[in-house]
Protein chains: 2
Amino acid sequence: MRIGELAGTAGVSVRALRYYEEQGLLTSERTGSGQRTYPPVAVDRVQLIQQLYAAGLTSRTILELLPCVDKGVSTPESRARLAAERERIDQQITGLLATRDRLDAVIAVADDPTHPSCTRI
Amino acid sequence: MRIGELAGTAGVSVRALRYYEEQGLLTSERTGSGQRTYPPVAVDRVQLIQQLYAAGLTSRTILELLPCVDKGVSTPESRARLAAERERIDQQITGLLATRDRLDAVIAVADDPTHPSCTRI
DNA sequence: CTAAAACCTGACGTTGACGTCAGAGGCAAG
DNA sequence: CTTGCCTCTGACGTCAACGTCAGGTTTTAG
């Protein structure tokens, strides 16, 4: 498949795909005229990249960890990095749970004008 | 307290505090010479702001929602915004849980050389 | 064959939450 | 008094993940 189809299927922009390649996260074959060609499995790869971005990892970190994900290849450094990122995500989840609870409390008050805590201050 | 002490106590930079004030998220009294002064409760306010930033809210959104948190004041718009942000955070948590599980699987392979899917060097 | 649509490289623009620097004034200690 | 840290305003710098535009080539539909 070509870049436009991959972009549409994976739900990202064409620009993003070229950026991923520039960062070394995604590879492509080229046709004789220079156009990029991808195998169907590239869709999964792109979605993995998106998932890692969404978790707050940077391009460089993803680049470091992709060999582990791809082939189970690991060095002491990459294992440490994996553990560190896992820990970071865990703390992020914990923080978000707390924030969600806090928002829930605010919503409860906002939706119920008769709520007792409306008389604070 | 002055800005340096607040920054130290709340764990943020002096620059950040001035930025929060610039965005309307934080208020301060001024001494005759123009220096900012904060009440002790400002520490909590700053930490709340940090928590909302960490949850991915923008300054503008936080500005919109602070009246709800502060005084339970709410409009139909702010209630919708609260619900939308809560939903966004919820989806973010869901995504992070999936990512964490995925990382855990990768870590399990990386940490166990005898794992079948592991063909390391 | 031709025109639209998709693709290419290269390069500058965007956004948000600050960092950092410059230049000037304020404040407690010795 | 003056030394040294804190604070002020204003303004430019940063960084990451793209967006967007220019100018040109390639592929596809009719």
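Chain letters run A, B, ... following the sequence lines, proteins first, then strands; residues in each count from 1.
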Within the 4.0 Å limit for protein heavy atoms, which parts of nucleotides 19-30 of chain D are touched? Write it as a string from 5' to 3', B for base, S for sugar-phosphate only, - for none. BB-----SS---
Which residues pass the ring-ring contact (aromatic ring centres under 6.0 Å, His included) test with A:Tyr53, not counting sequence neighbours? A:Tyr20
Which residue pairs satisfy the ring-ring contact (aromatic ring centres under 6.0 Å, His included) criterion with at least one member in residues 21-41 of chain B, sequence neighbours excluded? none
Mind jotting down which residue pairs meet the salt bridge (charged side-chain N to carboxylate O under 4.0 Å, His left out) criterion with at least one end in residues 17-31 of chain A? Sequence neighbours excluded, please. A:Glu21-A:Arg30, A:Glu21-A:Arg36
Check the distance between D:dC18's C1' and A:Leu52's CG and give it to me in whole angstrom. 17 Å
For residues 2-13 of chain B, the side chain to side chain donor-acceptor pair (under 3.5 Å) pairs (sequence neighbours left out) are B:Arg2-B:Gln35
Would you say B:Val73 ends up clustered with A:Ile107 if hydrophobic residues are merged whenever their side chains have heavy atoms under 4.5 Å apart, either directly or through other cluster members? no
For the pair made of CD1 in A:Ile62 and P in D:dA16, what is the distance, rounded to whole Å? 13 Å
Are A:Leu97 and B:Leu97 connected in a single hydrophobic cluster, I mean Ile/Leu/Val/Met/Phe/Trp/Tyr linked by side-chain heavy atoms less than 4.5 Å apart? yes
Once you round it to whole Å, what is the distance between P of C:dT15 and CZ of B:Arg60? 13 Å
Are the side chains of B:Cys68 and B:Leu82 in contact, using a 4.5 Å heavy-atom criterion? yes
Does B:Glu87 have any side-chain hydrogen bond (donor to acceptor under 3.5 Å, both in side chains) partners at least two apart in sequence or in another chain, and if so, which? B:Gln91
B:Val46 and side-chain contact (heavy atoms from CB on, under 4.5 Å): which single residue from B:Val41, B:Leu6, B:Leu25 fits? B:Leu6
Quick one: label A:Arg30 by what it contacts on the DNA or RNA (base, sugar-phosphate, nothing), any heavy atom closer than 4.0 Å. sugar-phosphate
Taking for A:Thr58 and for B:Ile3 the nucleotide of DNA chain D with the nearest heavy atom, the one nearer the 5' end belongs to B:Ile3
Salt bridge (charged side-chain N to carboxylate O under 4.0 Å, His left out): pairs with one or both residues in residues 60-69 of chain A, sequence neighbours excluded: A:Arg60-A:Glu64, A:Glu64-A:Arg81
Rounding to the nearest 10°, end axes of the helix from C:dC1-D:dG30 to C:dG30-D:dC1 built from five pairs each make an angle of 10°
Roughly how many Å is it from CD in A:Glu29 to P in C:dC7, rounded to a whole number? 17 Å
Residue pairs passing the ring-ring contact (aromatic ring centres under 6.0 Å, His included) test with at least one member in residues 74-99 of chain B, sequence neighbours excluded, are none
Could you pull out all residues at least two apart from B:Asp104 that satisfy salt bridge (charged side-chain N to carboxylate O under 4.0 Å, His left out)? A:Arg86
Between B:Leu66 and B:Leu48, is the side chain to side chain contact (heavy atoms under 4.5 Å, CB included) condition met? List the steps. CA-CA 10 Å; B:Leu66 275 182; B:Leu48 168 61; 4.0 Å; yes
Please work out which residues in residues 82-93 of chain A have a non-hydrogen atom less than 4.0 Å from an atom of DNA chain C and list them by number. none
Residues of residues 17-28 of chain A with a heavy atom under 4.0 Å from any atom of DNA chain C, listed by number, are A:Arg18
Euclidean distance, atom OH of residue A:Tyr38 to atom P of C:dA6 [Å, nearest integer]: 16 Å
